[in-house]
Amino acid sequence: MSELNSTMKTIDQIRADFPILSREVNGKPLVYLDNGATTQKPQIVIDAISKYYEFENSNIHRGVHTLSQEATDAYEQARVKIQHFLNARYSHEIIFTSGTTGGINMIASSLSKSLNKGDEILITAMEHHSNIVPWQMICEEKEAILKVIPINQKGEITLEEYANLLTDKTRLVSFTHTSNTLGTINPTSEIIKMAKKHGALTLVDGAQAVTHGKLDVQEMDADFFVFSGHKLFGPTGTGILFGKEEILNTLPPYQGGGDMIKTVTFEKTTYNELPHKFEAGTPNIAGGIGLGVAIDYVQSVEFDFIQKQEKELLEYATQELLKIDGLKIIGEAANKTCVISFIVEGVHPFDLGTIVDKMGVAVRTGHHCTQPLMDFFEIPGTTRASFSFYNTIEEVDILVKALNRALGMLR
Ligand SMILES: *Cc1c(COP(=O)(O)O)cnc(C)c1O
């Protein structure tokens with residue numbers, strides 16, 4: 001793993017960009033394998049946030065004074081960076097949100113106004129709760145029907161079964177690009193193409209997708225695409241909703257308040273243009289600027305390098321974990337990212353996670369906000385190791401050693 005990337009950074013230099021990676025936990029070097037929950041932040045992102053508060057803090061889109069104009073410019077530049085990152089056609093198709101959850105709720109709320117009794121919304125069996133519950137809420141309110149595309153034992157959806165669920169009443173297909181629990185990468189373009197044949201809108205949950213590879217919303221042809229800044233090396237409380245201009249223009253606004261209006265009288269309010277129509281109130285300015293810098297950082301590392309590194313980690317970790325007696329991997333899709341969920345016969349994931357934490361290893365245990373998926377596999381939860389490009393083969397070895405020691409105590 002001493003490969004050089006195109007900016008000629010070694011893996012050690014990359015790790016040095018992330019100050020937290022050199023700390024100790026419980027007297028042991030931190031081995032951070034919970035990147036599916038949130039990724040760590042490079043120093044330049046941390047610096048951008050404190051620089052904003054030290055030198056630039058001001059409200060945006062409001063003042064004529066220099067500080068306000070500088071803050072507005074920095075925030076709007078971040079929007080343009082995100083536009084290019086996703087290859088959206090226009091920067092006004094990029095709406096700042098509080099995260100993936102915020103983006104999905106925004107669309108659910110706006111779409112619900114035109115949802116009719118008997119309309120259908122499709123999701124998959126591997127969705128995060130944030131792509132289940134908002135649809136359940138509006139379906140209940142509007143007497144619409146939520147249908148679930150099933151998966152097989154490997155954790156893949158089958159397109160034939162999906163095709164059978166699509167009808168001319170399908171208003172929306174909302175699905176995850178990449179599963180946070182199984183690592184499955186869904187056939188996104190295929191799913192969207194099939195939805196469009198029935199005139200349905202599509203929303204892609206990109207929370208786990210954006211960190212692992214280049215995405216192109218135009219090529220994908222999604223109507224909506226959402227992700228969280230904190231899973232892309234950026235700050236918490238930031239997120240993005242991409243929506244096609246022509247569709248966002250037809251939707252009613254989500255929240256009312258400052259910035260989203262053109263004119264207000266007590267009799268009638270007219271709404272602002274995109275993207276401001278969907279951005280009521282003072283946003284997370286420092287966060288948005290930080291997210292822009294996080295994207296600069298990822299692009300400087302380059303996805304070719306990231307994918308090569310992550311593929312090696314996935315293959316090696318899978319091979320080594322499977323050597324552990326009684327260990328079973330949950331999620332064996334042919335097309336999979338470097339997220340490995342597993343169970344060990346007779347051992348509760350919580351106990352395993354607690355013991356390996358004592359050895360400095362951070363993994364996630366539980367249902368990973370995908371309870372219906374746990375029910376499908378008939379398990380209470382899993383232990384999940386999720387990798388990023390700054391993880392190393394040596395850390396996989398430490399994980400496996402820690403698991404073996406923990407299992408020695410537990411069974
Ligand atoms: C993390 C995650 C979410 C929710 O993201 P928030 O940042 O908590 O809003 C939704 N979907 C997937 C696939 C995720 O991994």
Side-chain angles (χ1 to χ4, degrees), residues 32-41 45 82 95-109 123-137 148-149 151 155-157 172-188 191 202-213 215 220 222 224-242 254 283-284 287-288 290-291 294 310 330-331 333 335-341 362-374 376 381-382 384-388:
Y32 185 75
L33 302 178
D34 196 15
N35 295 287
T38 199
T39 51
Q40 298 303 346
K41 319 305 171 199
V45 169
I82 294 153
I95 314 288
F96 282 105
T97 66
S98 58
T100 303
T101 306
I104 295 173
N105 276 278
M106 184 182 285
I107 294 304
S109 167
I123 58 174
T124 79
M126 69 179 87
E127 296 310 317
H128 188 283
H129 294 162
S130 69
N131 198 26
I132 301 174
V133 185
W135 309 119
Q136 271 175 335
M137 288 163 70
V148 182
I149 306 163
I151 54 170
E156 300 163 318
I157 68 164
L172 174 77
V173 181
S174 186
F175 65 98
T176 195
H177 179 290
T178 301
S179 161
N180 61 307
T181 304
L182 307 172
T184 308
I185 300 172
N186 282 313
T188 301
I191 295 173
T202 51
L203 184 153
V204 177
D205 173 350
Q208 294 293 329
V210 282
T211 65
H212 301 300
L215 292 164
M220 191 187 292
F224 309 109
F225 181 91
V226 292
F227 72 89
S228 300
H230 71 96
K231 290 183 182 172
L232 186 63
F233 318 101
T236 54
T238 64
I240 294 300
L241 160 69
F242 155 85
Y254 173 50
N284 183 351
L291 177 55
E310 290 184 349
I330 305 294
N335 194 9
K336 168 170 181 181
T337 195
C338 50
V339 167
I340 308 178
S341 265
V363 290
R364 179 148 175 205
T365 63
H367 55 63
H368 317 292
C369 299
T370 53
Q371 278 184 18
L373 196 53
M374 299 296 105
F376 173 78
T382 73
R384 181 188 72 181
S386 51
F387 300 86
S388 188

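First listed ligand is number 1; within each ligand, the first listed atom is number 1.
With a heavy-atom cut-off of 4.0 Å, Thr176 touches ligand 1 through its side chain alone. The side chain of Lys231, and not its backbone, has at least one atom closer than 4.0 Å to an atom of ligand 1 (non-hydrogen atoms only; side chain from C-beta on).
His128 and Thr176 share no side-chain donor-acceptor pair at under 3.5 Å. One side chain, Asn131 or Ser174, offers a donor N or O that lies under 3.5 Å from an acceptor on the other. Donor-acceptor pairing under 3.5 Å is recorded for the side chains of Thr181 and Thr370.
The nearest protein atom to atom 9 (O) of ligand 1, hydrogens excluded, is given as Thr101 OG1, 2.5 Å; this is a heavy-atom distance. The nearest heavy-atom contact from the protein to atom 10 (C) of ligand 1 is Ser130 OG, 3.2 Å.
At a threshold of 4.5 Å between non-hydrogen side-chain atoms, the residues Leu172 and Trp135 count as touching. Counting only heavy atoms from C-beta outward, the side chains of Ile191 and Val173 approach each other to under 4.5 Å. With contacts defined as side-chain heavy-atom distances shorter than 4.5 Å, the pair Ile95/Tyr254 does not qualify.
Where the criterion is an N or O separation shorter than 3.5 Å, residue side chain and backbone included, His230 meets it with respect to ligand 1.
Near Thr100, with a cut-off below 4.0 Å to any heavy atom, the atoms of ligand 1 are 4 (C), 5 (O), 9 (O), 10 (C). The ligand atoms of ligand 1 that sit less than 4.0 angstrom from a heavy atom of Ser228 are 5 (O), 6 (P), 7 (O), 9 (O). In summary, the atoms of ligand 1 found under 4.0 Å from a heavy atom of Asn180, numbered by their order in the structure, are 13 (C), 15 (O). For ligand 1, the atoms sitting less than 4.0 Å from at least one non-hydrogen atom of Gln208 are 13 (C), 14 (C), 15 (O), numbered in the order shown with element in parentheses.
Just one of Arg384, Arg364, Met374 meets the side chain to side chain contact (heavy atoms under 4.5 Å, CB included) condition when paired with Ser341; it is Arg384.
Taking 4.0 Å as the cut-off, Asp205 counts as a neighbour of ligand 1 on heavy-atom distance. Taking a 4.0 Å cut-off on heavy atoms, Glu127 fails to register as neighbouring ligand 1.
In this structure, Pro372 and His129 approach most closely via the heavy-atom pair CD-NE2, 3.9 Å.
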